[in-house]
Amino acid sequence: MLELINIHKAFNNNQVLKGVSIKVKKGDVIVILGPSGSGKTTLLRCINFLEHADIGEIIFDDLRVNVKTASPGDISRIRKKTAFVFQNFNLFNNKTAIENITEGLIVARKIPKSEAVEIARRALNKVGLSDRENYYPSMLSGGQQQRVAIARAIAVNPDVILFDEPTSALDPELTGEVLAVMKQLAREGTTMIVVTHEMSFARDVANHIVFMDSGVVIEEGTPEEIFIHPREERTKQFLSRILPVEDYVI
Amino acid sequence: MELNVKFMIDTFFLALTGVPATLSITAAALIISAPIAFFMAISRIYNVKIIKQAVTAYVSFIRGTPVVLQILIIYSLLPSLFNTIIKSAGWNINVFDINPIIYAYIVFSLNTCAGLSEIFRSALLTVNKGQLEAALSIGMSPVQAYTRIIIPQALVSAIPNICNLTINLIKGTSLAFMMTVKEVTSIAKIAASYGYNYIEAYLDILIIYIILCSLVQILFALIEKYFGSYRAHPGSLAKAN
């Protein structure tokens, strides 16, 4: 469904992505792991052109886009097939929870307001925030804000949702409620690409794990392959540092 | 020394007839400057080549010269310049019949542009870039993202500074008397000059400016309260950590 081919991206002289290719099938939950600065977030942002990659191709169903020559129309089409959940939520502060969701539906997708409100209510219900629809972001906790952001992402009915460290800005107590929503989405067959440091999520929910370091994919495979039988020394090293000893063998 | 109370009261009402001119210069300067200042701010934020340098130079030029000097230069330069242009174009207009308030509009707009562009620039930067990205990520165009998400929030944080600028502008328009514009200050000064009742006239206009500026402050406070309602606890910064 979605394929990234040989994506390169540099910031000034700093080569962040050095030719990354990833294939995503419908219903996949792909988790991208790797140390800080390995290019995970940049890769995610290149998919919907929040960062403009330097070299590479993005294939989305029948849409084939060379990143170098991507037209604003191509970018807009790809953005309408994807949704993005940010580390810092990035809710619209001047809009209530429900308006945050209807905004994209009404303004970008020209859906009639009454229908948009209905979709937004369903999305809020899914993330368990029906009682907060008229709250402004400043009145919600971090976990609630991120759940509204997820509702905003699912409401536009994207083919794939991109999660960029969705729980990194939350304290451990609030992480759980966001992960629960994401697990629910995965169970319903939502296609997701998730950059995270939540190893339990990667292990239990992902069907495919991509391990990146210094701008390249070191190895990829099922959670079992990566967590139990990592082939690359770099992967073993990373996992041994990030996983508690008793977790290492499931 | 005794105040001529009757003169003072008469002049007060006489000077009030200059309020429309004072306010029209203020309003014209704000309305003319706002869109220009906005694009100046955007071109600086987005590093638009050449325009950015031009804007930066313009802002620092206006900031670096006294308004009085700008008035003197424009008021002595522009009429002759217009005259030459009109003469060579063969139009039958007498430049020296142009209402001097036009020159006031020009001077104060030039000034306000510079100040307002800096206010807009800092206000736009207060809205985190993430909200723009979020808007783009759900399919909104950059223009939609700006008009519906970024600008409304930026304006709210700009309100105190815009209020400040407006008040300075109102007070600054008193210099329009140098261009023989009949606004509050000039009317009072002329009335005072007949019988040397300057103290009374100055007290009159002092009261008028205080009233005008207070009304403007109240107006802006209401605007801020209305449009800033999404900020859960206005003024809670001191309490928050």
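Bear in mind the structure is a predicted one, so any value in this text is a computation, not a measurement. What you see below is based on every heavy atom in this structure, not just the backbone, and it leaves out hydrogens, waters and symmetry mates. Quick note on labels: first sequence line is chain A, next is B, and so on, each numbered from 1.
Judged by distance alone, the side chains of B:Y209 and B:T185 do bring a donor and an acceptor atom under 3.5 Å apart.
Your options are A:N48, A:I75, A:V107, and the one with the most heavy-atom pairs under 4.5 Å with chain B is A:V107. Of the listed residues (A:F86, A:F49, A:F89), the one with the most heavy-atom contacts under 4.5 Å to chain B is A:F86. Options B:K129, B:E133, B:Q144, B:M140 differ in how many heavy-atom pairs under 4.5 Å they form with chain A, and the most are formed by B:E133.
There is no contact between A:R77 and chain B, counting heavy-atom distances below 4.5 Å.
In terms of the side-chain contact (heavy atoms from CB on, under 4.5 Å) criterion, residue partners of B:P152 (sequence neighbours excluded) are, by chain and number, A:N94.
Under the salt bridge (Lys or Arg N to Asp or Glu O under 4.0 Å) criterion, the residue pairs touching residues 202-229 of chain B are B:E224-B:R231, with sequence neighbours excluded.
Note that the CG atom of B:N47 and the CD atom of B:Q53 stand 8.0 Å from one another [nearest 0.5 Å].
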